[in-house]
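Only one structure is covered here, and it is reproduced in the block below.
Keep in mind the model is a prediction, meaning the values are calculated, not measured. Chain letters run A, B, ... following the sequence lines, proteins first, then strands; residues in each count from 1. As a basis for the values below, the full set of heavy atoms in this structure was taken, side chains included, without hydrogen atoms, waters or symmetry mates.
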Amino acid sequence: MKRREVIAGVGSLAVLGGGAALAFNNTGSDGSSFESLQLETIDAPGSSDGAVTVPERGRVTVLELFATWCGVCESMMSEMATAHQRLGREVQFVSVTNEPLGETVTREDVSAWWADHQGAWTLGADTDLTLTQRLDAKGVPYTVVFDAENRIAWRHRGRTDAATLTTAIGNARTE
Amino acid sequence: MPIKRVDRRTLLAAGTTAVATAAAGCVDTFVGGESGNDDVVLDPPENYDRRKDLDIPYPTYGEQIPDVSVPAPLHDRTVSTREFVGERHVMMTFIYTSCRTVCPGLTASLRQVQADSVEQEYADEIAFLPTTFDPKQDTPERLRTYGEEMGVNDDADNWYFLRPETPEAAKRVVEDTFGVAFESGEGGHGGDTEATMFQHASVVLLVNKDGFVERAYNGGPPGASEARTDARAVIEGW
């Protein structure tokens, strides 16, 4: 880890000089666009082994951070599935696990969990926590709706339901 | 790639500079203030000035953790909460495994750092001491299963589930000694169908090698990246 990152971590500072400030402030919640990033994807129902760019410019994106140990995330899968069934053709749906992978919990474990819980859309992994950090997500589940310009239209920590998601997506589409 | 160790004084100096630049209003705190203290590597948490006069029951930033011996049933021995002083940094939390809301997140924050400690090769510089306050339901076997569910890495040899042997001992260790309050609520009280649930404070402690608290996260688990960033900063700054 570079020293500049350490300093940023040490103080939890919002204001830093130079490039670091740009990197940390570019979160898209103040009307600016969230800088897209590439995430690894996992072979699972509705998802294939490869990479995905999130958020995708030009259409609305629903992004959910989760973990397989998280009971609330488990209970949200049917809500996500319902929203996905309704809107999955027009809207990018991506669920991303940010738990450590490969050492004790494997990609295959996540894939099996996904299949058991009605997963049917893109399944990603944030193993280096880049996305988690940039969203400043303090827990899972953490759900974000980006509008077509990649601005954060809605974000929520904790459980949410299909109706709330659908409304948030609708609002993001008309913005 | 292993984290490069930086001389601790250099890092402290760098941290102070960054804060001085960032928030002029805080400078006074740092010049000769108690938070410029040599016991810790991390800067005070964001809300430190507002909270430092409060009577916080659990050990908080800059304070030493208490010493108490607790059985570690999966290791067939007793672990003292200060036995790693001088040897390892420590992360602690207080949980019961039937909890489906906040506790998995508390445990996961330790697990996230454990995984990082393996990947970044600092596994032998840190120990994890998740402590149950529900020995009735959390048998050694239950703790083993829970560890598997949470993906705990046993090979890293740095993860100890602590289990006071009776509810009374749990009160003494967790509430009286560590100031983490808990109270059993509605539930089956040992019945087969429904687990006893607890109301409890949510606390994660990141403690440095000298036994001083670097971060006391409360009100919910620290985020995955927050815990990792702080742990790395302590490792690197030591």
(message) Given heavy-atom pairs under 4.5 angstrom as the criterion, report whether the side chain, backbone, both or neither of R159(A) touches chain B.
(response) neither

(request) Between chain B and each of T68(A), D136(A), D109(A), D128(A), count heavy-atom pairs under 4.5 Å; write down the option with the most. (result) D128(A)

(request) Determine the option with the most heavy-atom pairs under 4.5 angstrom with chain A, choosing from P221(B), P45(B), A108(B). (result) A108(B)

(request) Heavy atoms only, distances under 4.5 angstrom: which of N98(A), V105(A), V140(A) has the most pairs with chain B? Name it, please. (result) N98(A)

(message) For P222(B), which atoms come within 4.5 Å of any heavy atom of chain A: side chain, backbone, both, or neither?
(response) backbone

(message) I'd like to know which of T107(B), N153(B), T101(B) tops the heavy-atom pair count under 4.5 Å against chain A.
(response) N153(B)

(request) Measure the OG1-CZ distance between T132(A) and R228(B) for me, rounded to the nearest 0.5 Å. (result) 8.5 Å

(request) Looking only at non-hydrogen atoms, find the nearest pair between E149(B) and W69(A) and report the distance. (result) O-CB, 4.4 Å

(message) Less than 4.5 Å apart, side chain to side chain, heavy atoms only: is that true for E99(A) and R111(B)?
(response) no

(message) Quick check on the interface: out of G220(B), A227(B), S225(B), who has the most heavy-atom pairs with chain A under 4.5 Å?
(response) S225(B)

(message) Which atoms of V152(B) are under 4.5 Å from chain A, going by heavy atoms: the side chain, the backbone, both sets, or neither?
(response) backbone

(request) Taking atom CD of E90(A) as the centre, report whether more than 12 heavy atoms of other residues, nucleotides or ligands fall under 6.0 Å from it. (result) yes

